[in-house]
J.: 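Below is the structure I would like to discuss, written out as structure tokens.
Here is how names work: the chains are called A, B, and so on, in the same order as the sequence lines, proteins then strands, and each is numbered from 1. Computation of the quantities below employed the complete heavy-atom set of this structure, encompassing side-chain atoms and omitting hydrogens, waters and symmetry-equivalent molecules.
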Amino acid sequence: MKNQENHISSDSTNWTVLLILLILTTISILAIKIHLGSFTVALALIIASVKVTIVLTYFMHLKFENTLLRLMVGGVFLLFAIVIAITFIDYYFR
Amino acid sequence: MTNSSTSVPLNYLNHQTGLWSWLSSTDHKRIGLLYMYSITIFFCVAAILGLLMRIEKIAPGQTIMSAQTYNGMFTIHGIIMIFIVVIPGLAAVFGNILLPIMIGAKDVAFPKLNLFSWYVYITGAFLGLYSQFANGHSPDTGWTFYVPYSAEASSNVVIALTAAFVLGFASILTGLNFIVTIHRMRAPGMTWFRMPLFPWSLYATAWIQILATPIIGITLLMVIAERTFHIGFFDPALGGDPVLYQHLFWIYSHPAVYVMILPAMGVVTEIFPTFSQKPVFGYVPIVFSSMAIALVGYFVWGHHMFTSGMSYESRWFFSFLTFLVAIPSAIKVFNWLSTMYGGSVDLKPPLLFAISFIFLFTIGGFTGLTLGSLATNIQLHNTDFVVAHFHYIIFGGMGFAFFAAIHYWFPKIYGRMYNFKWANISWGFLFVGFNLLYFPLFVIGIQGMPRRYFDYDPKFQTGEMLSTVGAFILIAGLFMMLANLIYHSRKGAVATANPWHGVTLEWQIPSPPPHENFDEVPVITRDPYIFDNPQTN
């Protein structure tokens with residue numbers, strides 16, 4: 001079956017992804033020193049979301065899966081993004 | 001094939017014998033029964049705790065227990081009922097027993113994981129029970145574990161939190177199993193829109209289980225970390241926020257209400273066509289209303305927090321969304337009633353319970369809108385009105401649907417039939433007892449009686465006393481119903497394969513079903529609710 005095929009990423013891809021993740025981790029640590037007020041957490045969450053997306057896409061092979069599975073995972077992310085956004089709206093207007 | 005010693009056809013109940021054959025079985029039907037027996041035992045424990053609380057409140061002042069004992073009782077009553085009985089309830093019991101059969105599969109996608117889920121569930125359930133008795137300090141936070149009290153209380157809060165955390169895993173694993181089963185194991189020809197509506201409701205429920213439950217898991221871990229390491233997630237003195245806990249808790253716990261009620265809606269959606277001998281009215285709207293409830297249900301959690309100090313903008317936003325979620329619920333009610341309209345209605349016990357479900361759930365729904373309205377919420381928040389509303393939804397909704405389900409699928413599960421007369425009498429006791437128990441709480445709640453108080457002003461005594469009398473009637477009804485079902489599961493008249501003239505797949509196989517459900521994988525060629533030969537009864 002199609003989704004039982006093996007996909008082996010090249011070493012260079014894996015190392016590149018790892019490097020990007022380390023750079024993003026460094027950025028998220030450095031971002032603490034930038035005074036963004038209530039948006040500090042938002043920035044941290046955005047960086048974390050980018051990292052999660054990269055991990056899912058390459059390390060967890062979502063890139064090679066069928067459209068339905070990608071839509072389902074994407075839907076989950078959209079849902080959580082909305083939930084977090086709604087929570088932040090409360091903090092922003094308080 | 002028959003069991004040679006008894007000449008009874010081999011089925012999932014008798015193809016293997018002995019306790020170990022049950023404890024190690026990966027048969028979805030046996031696992032469903034394991035859930036049912038465990039849930040029934042825990043339900044009885046929590047119901048007795050509920051009765052004791054009602055006895056305490058039969059008169060003002062202390063009667064049979066101290067205030068601290070009362071606090072512990074309503075906490076453990078809530079933890080058992082919510083996390084151990086109601087959330088797994090219909091999905092774990094009837095979902096397990098019937099989902100594979102109704103979609104034409106031989107089992108769920110991951111049978112071993114299914115059994116593992118039950119062991120995880122049992123571990124969590126016993127931890128919850130243990131928290132009540134360990135060291136003589138039963139948790140007293142309420143099932144909601146609100147901070148700052150839960151972060152500071154000296155009772156067994158950590159054990160109770162761990163129990164809820166472990167139970168969450170069982171819920172996630174079951175949800176995952178069901179989603180994969182529905183996606184991958186439907187019989188040939190069973191397209192999405194040829195799938196019966198109970199599996200559809202389980203599908204919507206499973207998504208909530210796997211998406212929302214991790215949030216409560218993390219939240220409970222945060223409380224444990226708060227108690228153990230004093231991190232300050234929820235402590236303003238350390239830069240935290242107690243309202244954040246309420247957000248995180250209700251982001252899970254409101255969708256969890258739909259984990260409880262969506263399968264209940266699925267159950268009655270199966271019952272109405274069968275006992276009206278008529279196709280379900282509005283199949284597609286019912287499907288989409290299930291998915292809409294699951295989706296919109298994610299975004300209404302803030303209506304539990306109107307008085308908690310949340311921003312005004314958030315309050316009207318959540319209030320608006322709360323009113324929106326009533327629309328798909330109402331669509332279902334209209335469809336159920338329209339299904340019966342013009343049908344050959346046969347008022348057997350399953351239908352009696354299903355109609356009661358509509359009545360009680362509608363009262364619970366309307367009072368939910370009362371609470372979802374910002375102005376009235378200020379008056380009613382934290383009163384017995386909330387307790388009444390909640391029980392009308394959860395017990396009147398999920399509870400009565402559970403009773404409907406067991407009366408509906410009992411002959412399929414055990415191959416025997418219960419006594420109709422006793423089923424009807426127990427229904428009468430349950431229905432009258434339920435309303436007498438909970439309706440007075442609406443009234444005294446409006447008058448200002450706060451919830452979770454073991455004592456009260458004498459002006460509330462009439463309502464409290466009526467409620468206690470109702471509790472006794474309800475318990476009597478429960479006892480009658482259980483006695484009728486337990487006795488007839490072994491001694492009842494042998495049931496035919498299709499005693500109700502149902503048309504979904506479970507009624508096309510023998511009662512009780514064979515070990516692997518179908519001798520041959522069925523091929524589905526038409527919609528699920530076509531009654532070719534309506535029974536006039």
J.: Taking atom CZ as the centre, does Phe288(B) end up with more than 12 heavy-atom neighbours from other residues, nucleotides or ligands that are less than 6.0 angstrom away?
T.: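 No, CZ of Phe288(B) has 12 or fewer neighbouring heavy atoms, counting only those of other groups under 6.0 Å.
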J.: To the nearest 0.5 angstrom, please state how far the CZ atom of Phe299(B) sits from the CD1 atom of Ile86(A).
T.: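 Reported to 0.5 Å precision, the distance equals 5.5 Å.
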J.: So, for Gly309(B) and Arg94(A), which heavy atoms are closest and what is the spacing to 0.1 Å?
T.: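 Result for this residue pair: O-CD, 3.5 Å.
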J.: Assess whether atom CZ of Phe88(A) is packed by more than 12 heavy atoms of other residues, nucleotides or ligands within 6.0 Å.
T.: yes
J.: Taking every heavy-atom pair that is under 4.5 Å apart, which of Ile251(B), Val243(B), Asp241(B) has the most such pairs with chain A?
T.: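 Going by pairs under 4.5 Å, I would pick Asp241(B).
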J.: Counting only heavy atoms not in Tyr58(A), do more than 12 sit closer than 6.0 Å to its OH atom?
T.: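 No - once you tally the heavy atoms of other residues, nucleotides and ligands closer than 6.0 Å, there are 12 at most.
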J.: As an exercise, state the distance from OH of Tyr91(A) to NE2 of His247(B), rounded to the nearest 0.5 Å.
T.: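 Rounded to the nearest 0.5 Å, the OH-NE2 separation comes to 5.0 Å.
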J.: Can you list the steps and then say if Asp90(A) with Tyr312(B) is a side chain to side chain contact (heavy atoms under 4.5 Å, CB included)?
T.: CA-CA 8 Å; Asp90(A) 173 34; Tyr312(B) 175 72; over 6 Å; no
J.: Using non-hydrogen atoms and a 4.5 Å limit, figure out which bit of Leu248(B) sits close to chain A: side chain, backbone, both or neither.
T.: neither
J.: Given a strict heavy-atom distance threshold of 4.5 Å, which part of Tyr92(A) is in contact with chain B: side chain, backbone, both, or neither?
T.: neither
J.: Would one find more than 12 heavy atoms of other residues, nucleotides or ligands at under 6.0 Å from atom CH2 of Trp316(B)?
T.: no
J.: Please report the interatomic distance CG(Leu69(A)) to NE2(His183(B)), rounded to the nearest 0.5 Å.
T.: 9.0 Å
J.: Can you pull out every side chain to side chain donor-acceptor pair (under 3.5 Å) where at least one residue sits in residues 20-35 of chain A? Sequence neighbours excluded, please.
T.: Thr25(A)-Lys51(A)
J.: Relative to chain B, which of Ile89(A), Val76(A), Leu79(A) shows the most heavy atom pairs under 4.5 Å?
T.: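 Option with the greatest count: Leu79(A).
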J.: Tell me whether the count of non-hydrogen atoms from other residues, nucleotides or ligands lying under 6.0 Å of CZ in Phe320(B) goes above 12.
T.: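 Atom CZ in Phe320(B) is not crowded, with 12 or fewer foreign heavy atoms closer than 6.0 Å.
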J.: Run the side chain to side chain contact (heavy atoms under 4.5 Å, CB included) check on Met72(A) and Trp207(B) step by step: do they pass?
T.: CA-CA 10 Å; Met72(A) 286 163 81; Trp207(B) 273 107; 3.0 Å; yes
J.: Checking heavy atoms, do the side chain of Leu211(B), its backbone, both or neither come under 4.5 Å from chain A?
T.: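 Both the backbone and the side chain of Leu211(B) come within 4.5 Å of chain A.
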J.: Under 3.5 Å, is there a donor-acceptor pair between the side chain of Tyr298(B) and the main chain of Ile82(A)?
T.: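 Checked: no pair found.
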J.: Let me know if Ser314(B) has heavy atoms under 4.5 Å from chain A in its side chain, its backbone, both or neither.
T.: side chain
